[in-house]
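This report refers to the structure that appears directly beneath it.
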Amino acid sequence: MLIENSFDVDADPDRVFAFLQDAHNVAACFPGAELTEDLGNDSYRGKVKIKVGPVTAAYTGVAEVVERDAVKRVAVLRAVGKDAKGAGTAKATAMMRVTATLSGSSVSLSTDLTISGKLAQFGRGIMADVSGRMVGELATKARELIEEGEPGVAAPAAVAVEAPPMRAASILRTVLSGFFKRLLGRLRNRKTRQAG
Amino acid sequence: MKPGQFTYHAPRELGEALELLQEFGDEAKVLAGGQSLMPMLNFRLARVDHLVDINRLGGRLGEPRFDAGTITIPALVRQRQLERSEETARVLPVLTEALRQVAHPQIRNRGTICGSLAHADPAAELPSVLSVLDATFTLVSARGTRTVAAADFFLFHLTTVLEPDEILLEVSVRRPPPNQFSAFREFATRRGDFALAGVAALCEVDGDGVVTECRIAAAGVAPVPQRLRAVEGLVTGSRLGETSASEIADAARAEVEPTSDIHASATYRSRLTGVLVNRALVDIRTKQEAAHA
Amino acid sequence: MTTMIGTSVPRREDERLLTGRGRYLDDLDLPDALAAAFLRSSNAHARILQIDLSAARELPGVIAVFSGADLAEIQKPLAPKVLHPQLKDFPRLPMPPGELHYVGEPVAVVIAETRYIAEDALELIDVDYEVLPAVASTAAALEPGGPLAHSDAESNVAVLLTQSAGNTAEALRTAPNRLSEEFFVMRGGGHSMEPRAVAARYEPATGQLTIWDTTQSPHYARQQLSVIYEMAEDDIRVIAPPDVGGGFGPKAQFYGEEVVIPWVAKKLRRPVKWVEDRQENFVSAMMERSQTHRIEVGFDDDGMLLAVKDVIEHDQGAYCAGLQVPSITTATVPGPYRIPNIEIELRACYTNMVPTSSVRGAGRPQAVFAMERMMDRVAEHLGLDPAEVRFRNLIQADEFPYKVGITFRDGSPLTYDSGDFPRLLEGTLDRLGYAEARAEQAKLRAEGRYIGIGIAAYVEGCGLGPYEGAKVRLTNTGRVLVTLAAAGQGQGYETVYAQIASDGLGIDMDHIDVLTGDTSRIPFGQGTFASRITATAGPAVLDAAQQMRVRLVDTAANLLGCDPAEITFTGDRASLNGDLEKSLSLLEIARVANIGKHGITLPVGISAGLETSSYFAPERAAYASGAHAAMVEVDPETGGIEILKYVIGHDCGNVINPKLVDGQVLGGFAHGLGNAMYEEAAYDAEGQPQATSYLDYSLVSAAEVPTVELFHIHSPSPLNPLGVKGAGEGGTIPAPATIANAVEDALRPLGARVNRAPVTPARIVEAIHGDEQALAEVRGS
Amino acid sequence: MPDVDTGHRITGTVNGAAYDEVVDDRMTLADFLREKLRLTGTHLGCEHGVCGACTVIVDGAASRSCLMLAVQADGTEIETVEVLAEDGELNRLQAAFKKNHALQCGFCTSGFLMSVTAAMREGAIRDEGHAREVLSGNICRCTGYTGLVKAVLEAGE
């Protein structure tokens, strides 16, 4: 399934791109994700935990930056993982594109997610909602971290701290807090503009 | 389709149950009626290390309370029990109406009201009904007790504000005034299936037939039961039937953003929501007219 | 004695089934048996790069774990049942060690003390897959340059075939009217309430392997196993348990699990039992139905058919289990109509979904859907009554045998043996109250209600060869034992074949027992499928029973010293013209002719060993027929369909047990209703199945199935001495067409088109609103 | 056969007979009845609560035995299909099933019998609509329900 997402950030596009092309940063923004090993060549071992109510999955696998164009500010990240209990696999290809806007940057995120196995085999559209939320969360968190001006916030995870699983509850909270931040941001923008 | 390994606990006292949940936290899961959790365990979609069965807490938790101002449904009240309760049919007819549409009697015999709410399947009937009844959810843990409004309880598919160490102890609703009328409508492909959409609606009507309060919630069209505020706004302040059905349907459709799946497209679900809202409002009007006849 | 054939004798099976004493496979008490569970591919198309079984093997309670590579000796192709010289076949291995072609394909097997532990161990198996592009629809399969379902294939085409009679291109070109349309029928499953199961025990002392299998075709399974295991057939005993919880086609196929389980039991020298759970059943039991029909019809201004051309895309699934289904489809399109020019083109292709094979109806519902939807369109086009258009085109009762001009699935020319299609349709419409229903429809339509009437007729090839057999023996306890090769799944064989034998023997049913489905008791057999058993095993039983009567009478006459013509049977006694003073019991006859006296010469004229056998091989298929009619109301807001009235007219020739035939037809109808309105084995574009539980796949309950008025006419088949035809599928075949016709008829004022089965509420509403986008959303999901 | 867990001791009655068994935490009631007590009349058709083949009566209420743990049955009274026949004769409901050809393969039959038995104790089955509602929590793939509806109307009046 294809998940499209875009958001505006009050930051210089090059800085935003620099932030997003660092896999550590992306992992730090991705709910329930952590990098466990740097394999070199923009390639990392990591895991993603998902928990929706009593349903859980824990994917371990490899993520790598497969394409990067600093001029066009386009990067493509590919991650492939499998569930620890053999319940299936997940594969994501995320293309990020950063463009300059009047007030800073616009990030568009296009994620093609393929899930196989039990989680993918329930017809009621829950996984579509969950995936949409996860990518939304990623966007919100990325925006937050960039605007907080701490692109290095996610320290290289050689000593990985156990990341909490992606809990839908926490997602919502983050999404909500993101919403308020966005609202504040918009107000701030307005102020900035007015001041300018 | 056999469940994975877990340790089963059957506490006899609430305190004991709460201690277990506190001890095991995220590794534990409460088992009430089990009619949603057990299938997930059998599919091995859900995994738990500790299953805390609250069915043996018994007694008080198994009986609904019809007090002067409040009706309280504790954790172990079975769906079938409430469905067959004459008192419920009298004071909360919408609940009786909705309960009859939950799966099948064999499931309702064991399934609990609170369990269904805590499971928070957005296509289920009870979350939307308790939403329009403006229910108060009482959550208890070893850390203490808190209450949460229905509007704040549901967060996402299968996800509520319940912390891993908490139990949904009971859910309570204010005794409805005599001028309150309500209805539940759902449409499922097959009897007992998850609804393609459902609508719970409730109106309070003054002596002139003007709606003074309206609450409508849709099921199956969002990750949580979704209040249809715009429709509520349209209905409130006028007599039932005054606002055109197409205006109401359009408002309802505009307000929901369902996900397409193999059973129905988002467009269909939006459209169906509008249809069901109107049908529920017609039911309400019929009940109101019957009451005044 | 009254005739048993044609009597609604109560079933003998019921007593045990109603008291919980049925003997299904999982009820077998096999001391020391181990449980098995299969790891199945979670990818639609992938290659196994590496498989690590070590953690699973170490789990306490696990006895053994095998990957496909560990059982290399049995990785031999499971042959397609029906072949064609042009078929591009890909080997279907029991548990492939390399490339996997659908979600659900067996990858490894765990043998453990309990099924619980076996499933724990599945979670510990670590497989590295190379995921390959998947094909999840016939459209994707036939798209030039698209992904390949088998990576070593040149294309996804399994076979391209054309059947034709007359000059269709020319007839279409010159026809005064032409209509064309595309129809799609969705995948669905058999969904027997008991899933598949296999248990096996190896006897090292004799080298014999005993296998209990829920199969519809035990002899076929034995023959396949004999080839794969390189063992003599006599060393393999396949038993279909006395009670099997439904078949409906998928259990007639032969699967990898049936090869793996007995072999593992042999390797481990321990009994092993595998009982498929519902989740496995959803992703590994064969399915059917998905076909796209592009059909074009040419007709004159009176609605007389001049030509039909149908191009069929058939989803073979990941492997070809046989071409029976698409072959049947091609031969079912013409139905009961005279069609001077017909051309049917089949494009069967491979996809990365569960392989398809026969499911109750077997290729016929799709053909009837396409043809009968078009009959309605012809009527609509000409402003004629749809029933009238059908009557004008029906083959008449005096035209049998009727040669259609094309070939049936059994290889013989499609030749209808008997029937009376006009009478069948007339009777169906009379019972619906057709004229009144049309008046009612007009009246309610004026009130803004959407009432529709749907009709569909069909002809069903059944009673297929090659043969089926029976043995009749007088046992040494003085009872008559009828042994069939065929295995039952609830059809009531123990009752029906005792009825037939009773008539053949002239002996009361009470003294007759029936045994089925055990390869050690009768050497040859084919199996229960394609509505064939009554028409093949029935005559065999009758013949063997008649032979036995001659033997019994001769023996009794000899012993009583009278003329054989003077012998009659009363209860279990053969007597001289009913004189019980001069009579012998069956036991006494057995004592003389079977048991004998050790070393003493038989009385003169007595022939030893009272056993007879008979194999009946029909000259060609027989053809049952039927017509369905429905009146429905559609709620255009929700898309809900209410069936107001449903009538089935059915002709399966003579019937042995009318009540059981009714049960077959009505049960088949419920299945057809599922195909018409509910059942969708959906896959996403990556080949992930989307309906893998009954929460997402709806089987009809008593609340959905309407009361049906069922009637029969009886056009005996000249092809077998009983004059019978098949009855197991007729209820299913025209149901999707009937409902779709009724729904489109209801929506005619709105101009909505119904081109797909099942007809679901969402699609109805979208068709009304012409929501192309919404339709695309649903298709894509 | 034992699971790796040590298990729980449970006692109660099934069809009036007392049992005293040790079960694993996760063993379902259906497996307990079938495997420990060898009451194989209760069948497993879907193990997720939809098909109803495993329906038994627990303390008077028709319940899915695939959605209950054996340990939860501790102290309860359970009835299964094996209890229905009276002195070796089919009871009224069973006889009505037989007479009306309400079963073919028989796999779903036990569940239907137990669901209908529980419903009949709640009151008479009034009409066809009521009969269909009572039957709607169980799935039969063979009969098309016609015989079942007739049987329930006949036995349940």
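Numbers restart at 1 for each chain; the letters A, B, ... are given by sequence-line order, proteins then strands. Since we're looking at a predicted model, the values are computed, not measured.
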Hey, is CD on D:E77 packed in by over 12 heavy atoms from elsewhere, all under 6.0 Å? no

Select all residues of residues 142-149 of chain D having any heavy atom within less than 4.5 Å of some heavy atom of chain B, and report them by number, or 'none'. none

Looking only at side chains, do D:D24 and B:Q5 share a donor and an acceptor under 3.5 Å apart? no

Using the side chain to side chain contact (heavy atoms under 4.5 Å, CB included) rule, pick out the option among B:L51, B:D53, B:L41 that qualifies with D:L69. B:L51

Determine whether more than 12 heavy atoms belonging to other residues, nucleotides or ligands lie under 6.0 Å from atom CD of D:E122. yes

Which heavy atom of B:R56 sits nearest to which heavy atom of D:V71, and what is that distance? NH2-O, 3.5 Å

Quick check on D:D74 against chain B: is it the side chain, the backbone, both or neither that has a heavy atom closer than 4.5 Å? both

Are any non-hydrogen side-chain atoms of D:M68 and B:Q35 less than 4.5 angstrom apart? no

Could you tell me whether B:R100 and D:E133 have a side-chain N and a carboxylate O separated by less than 4.0 Å? no

Heavy-atom closest pair (B:Y8 atom, D:H8 atom, distance to 0.1 Å) is O-CE1, 3.7 Å

So, the part of B:R78 with a heavy atom under 4.5 Å from chain D: the answer is neither

With heavy-atom distances below 4.5 Å as the criterion, would you say the side chains of B:R110 and D:R64 are in contact? no

Within residues 44-63 of chain D, which positions have a heavy-atom distance to chain B below 4.5 Å? D:L44, D:C46, D:E47, D:H48, D:G49, D:V50, D:T55, D:A61, D:A62, D:S63

Closest heavy-atom pair, B:N42 versus D:C66, reported as atoms and distance to 0.1 Å, is ND2-O, 3.2 Å

Counting neighbours of CZ on D:R9 that are heavy atoms of other residues, nucleotides or ligands and sit closer than 6.0 Å, is the number greater than 12? no

Quick one: does D:N138's side chain get under 4.5 Å of B:Q106's, heavy atoms only? yes

Is it the case that more than 12 heavy atoms not belonging to D:R121 sit under 6.0 Å from its CZ atom? yes

Write down the atom of D:S136, the atom of B:R191, and the distance for their closest heavy-atom approach. OG-CD, 3.0 Å

Quick one, B:I107 and D:L67 - any side-chain contact, counting heavy atoms below 4.5 Å? yes

